[in-house]
Each structure stands twice: as structure tokens, then as C-alpha cells.
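A short write-up of the structure that comes next.
We count residues from 1, following the sequence as given. These values consider heavy atoms only, across backbone and side chains, with no hydrogens, waters or symmetry-generated copies.
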Amino acid sequence: MDGTAERTLLITLTGRDRPGVTSRLFSTLAEFPLTVSDVEQVVIRGRLVLGVLVSYSDGVDIGRVWTAAERIATDLDMEIELSTGRFRTMPRRRGRLHVTVLGAPLRPAAMAGIAGRIAASGANIDRIERLANTPVTCIEMDVSGADPEALRAALAVEAAEQQVDVAVQHGGLHRRAKRLIVMDVDSTLIQGEVIELLAAHAGCLAEVAKVTEAAMRGELDFEGSLRERVALLAGLDAAAIDEVRREVKLAAGARTMVRTLKRLDYKFAIVSGGFTQVTDALAADLGIDYAAANVLEIENGKLTGRVVGPVIDRAGKAAALERFAREAGIPISQTVAIGDGANDLDMLQAAGLGIAYNAKPVVRQAADTAVNVPYLDTILFLLGISREEVEAADAADATTAL
């Protein structure tokens, strides 16, 4: 179907932004028998670009509309462009995607390369919006007409060349329906590895760190490597756990991310190959809904070098995600998993959206998308939440607390 063709007038106003510009233009257009077909407006550094597409029938004196629009531009001391044509109503292009670009800094060459890859794929950029300018610059594009997997692969190559992060997600309800976040803990929610902090107190840090690194790369079976490392802690005074709790440092932006998502009624879970003796305190501090981790065995006030019960390994993390989703009454398709190591792979692949956060190469390749900046709250941008929205919510909470 070709659709129906209508006469159109495209009005584009540019100039200094101020209250009332949009109202003045539409009040003037309201004097004529026009139909609003499309509107786009953006403000960059105080400069407004407002585009209005109106359609009209053959009997309308478009010259009078043109004159009235130019008069408004003169009154507002703004520039105006007007062009007439025919607008053919066509079905919307299918396959709308969100392409999110993160850079610190974000260079023009990166935007050029990404836009070029999108064009080469036969897709179209329908809209561009800035979601943040600190601590990273985040730009989001609405893209239509692309094959998601092919575009994701092409943009992954460009992202590596330009040293930026690029995420490709389905748009519409699929994205807005996300309701459960499940996170790894060590080197994701917190900086560093809890077992290494314990090993420092036990005097065996070098041995433990070596095994940890190999396990994170996927070179060792996780359960075997965990038991090997925990065995090195045998005899450590349990009081060292209290010291480690005080030493743990959250990842930059962790509190902001959890606070913001909890405001939006997300459920939040942590699942760790670490230990409940630390993760339970983190969950209580941050208001996290669900938590799963291993349990260190303690006898007579000292670590025995063993764990109690089933080990939370790669399969255990995926099982925990599924269990938390059931308890929350949330479909797996509406979950987001975040992790950095090979132990997180099953969880990342099971979730509706798997995010590799400052992850090892094997994890980045397997996840839906990757974030490689040291700010955990940049995850919010992948969910379509802007920096301005986060800051406005924080300010509102601060005012309410006064």
C-alpha cells in the first residue's frame, strides 16, 4: 500500500530558547485549518531547534500560514525555514532499536564511525538524544530498519576501534518492562575480591590472587578453585571478617544505581561466588531484596578452610536468578544480569539483558552488551534513564527530607 499523499508545510524554528516559543507558534497555527503530523524539539546549550510538520487540504491559503509563521519568528528574534511538499503516510518501519553510545571522552570520529555503520546496514537513525554528559557522555539513538544481531556485531567492531561502549537493544515495551536487576558482587558491585581481602589477613594473598585470576578467565573450574582458595584461609580468626566488611568499597556509582532503580520499583538482587558473611551486610546496607552466596564454615572462632552447603558457581548463579524472578513474580525476559567473570556467563545469558561490566574478554563476547567505564551507574543509561532524571529525583528527595 502506498498510503495517501497530503500537502505539507515543514516549519523549523532555531534560536535562543526561552519559555513560550512552542506555545506562540502553535497558537498562531491554530488560526488555520491545519493538522499536526509531526513535531520534534531539542535544546542544546540554550539553543532551540523546533520542527513542526503540518498537513493541509487544497483549499487552505498556505501563503497566509507562511506569512504568520515568519511574523512569529521575527517577533521572537529567531531564524525560520519553511518548505512545502507532500507527505505520504506510510506504515512505520519495523525493528526499532535503541543504540546507546558511552564515551569518556566521546570523540566526533566515534559518532561518525557508528553512524556510518548504521547507514551501511541499511538502517535509519530516527532520533538522537543525550542521556548524560558526566561522568561519561552518553548518546542514545532510535534506529529502525536494522537486523539486531547484524547491527550489534558491526557496532561491536566499531566500538573496539573507537574505544567506546555501544549497546544495541530492542525498543518499545521490551525495554521498559525490565523489573529485576541481578548483580555479581566481587569486582562489580564492590571493588576487588572479598576472598583476596581475607587472604591478605591470612598472609596468603599472592597464592589466592593467582587462582582467582585463572578462575575469572574461565581457565579453572570455579568450585574447585573456590575450595582451593578457601582452604588457604584455614585457621584465620573469624574477627578478620569484621575487618574485611569495613574494608569493602562499593564501585563508583553503586549507591546511585541501586537508589534510582529502587525508586522506580525495580527489585534488586546480588548473587556471589563470595560469602554471605559479607554479602548479607551489603544487602542490608543498600536495601537489596534478594541475596545468594557461599557460606564460610567457622568453628571455635576460626575459619576451617571449608564452605558449608552447595557452592554458588556458574550454574548456581543462573539458578539463583531464576529463583529470584519466580519469588518476585517477574518473567525472565524482564530481568537484567550484570557481571564480570566467567562464573557469570550462564546468568548473563539467561537474563533478558546480560551486561558485561569491566569484564574479561570471554564475558564481553558472550553478553548482550558491555560497559567498560568504572562507573556502575552508567547501567542506568542502558535502561533509558538520563543523568538529569537521576539528579532531579535526588534533589526532590533532599527537599522532602528537610
Does [X] [atom1] have over 12 foreign heavy atoms under 6.0 Å away?
X: D77; atom1: CG; answer: no
X: E81; atom1: CD; answer: no
X: R64; atom1: CZ; answer: no
X: R107; atom1: CZ; answer: no
X: Q163; atom1: CD; answer: no

Pairing residues for [X] by the salt bridge (Lys or Arg N to Asp or Glu O under 4.0 Å) criterion, not counting sequence neighbours:
X: D17; answer: none
X: R117; answer: E158, E161
X: D280; answer: none

Considering only heavy atoms from C-beta outward, does the side chain of [X] approach that of [Y] to under 4.5 Å?
X: V336; Y: V182; result: no
X: H201; Y: E247; result: yes
X: L131; Y: I139; result: no
X: I312; Y: K317; result: yes
X: I181; Y: L261; result: yes
X: L383; Y: H98; result: no
X: I385; Y: F381; result: no
X: Y357; Y: M183; result: no

Is [X] salt-bridged to [Y], going by a charged N under 4.0 Å from an acidic O?
X: E40; Y: R127; value: yes
X: R130; Y: E388; value: yes
X: R263; Y: D394; value: yes
X: D265; Y: R179; value: no

Exercise for review: For S225 and E228, test the side chains for any donor-to-acceptor distance below 3.5 angstrom and give the result as yes or no.
Suggested key: no
Check your understanding: Will you find, in the side chains of T212 and R229, an N or O donor that is under 3.5 Å from an N or O acceptor?
Key -> yes
**Study point:** Test log, rule salt bridge (Lys or Arg N to Asp or Glu O under 4.0 Å), inputs D377 and R255
**Key:** CA-CA 8 Å; D377 52 342; R255 287 191 184 277; over 6 Å; no
Practice item. Taking the six-membered ring of F222 (Phe, Tyr or Trp), confirm whether the NZ or CZ of R314 is under 6.0 Å from its centre and within 45° of its axis. Key: no
In chain order, what residues pass the side-chain contact (heavy atoms from CB on, under 4.5 Å) check against [X], with sequence neighbours excluded?
X: A231; value: none
X: R152; value: E149, V168
X: A119; value: none

Practice item. Kindly compute the distance separating CG (L205) from CD (E193), expressed to the nearest 0.5 Å. Key: 11.0 Å
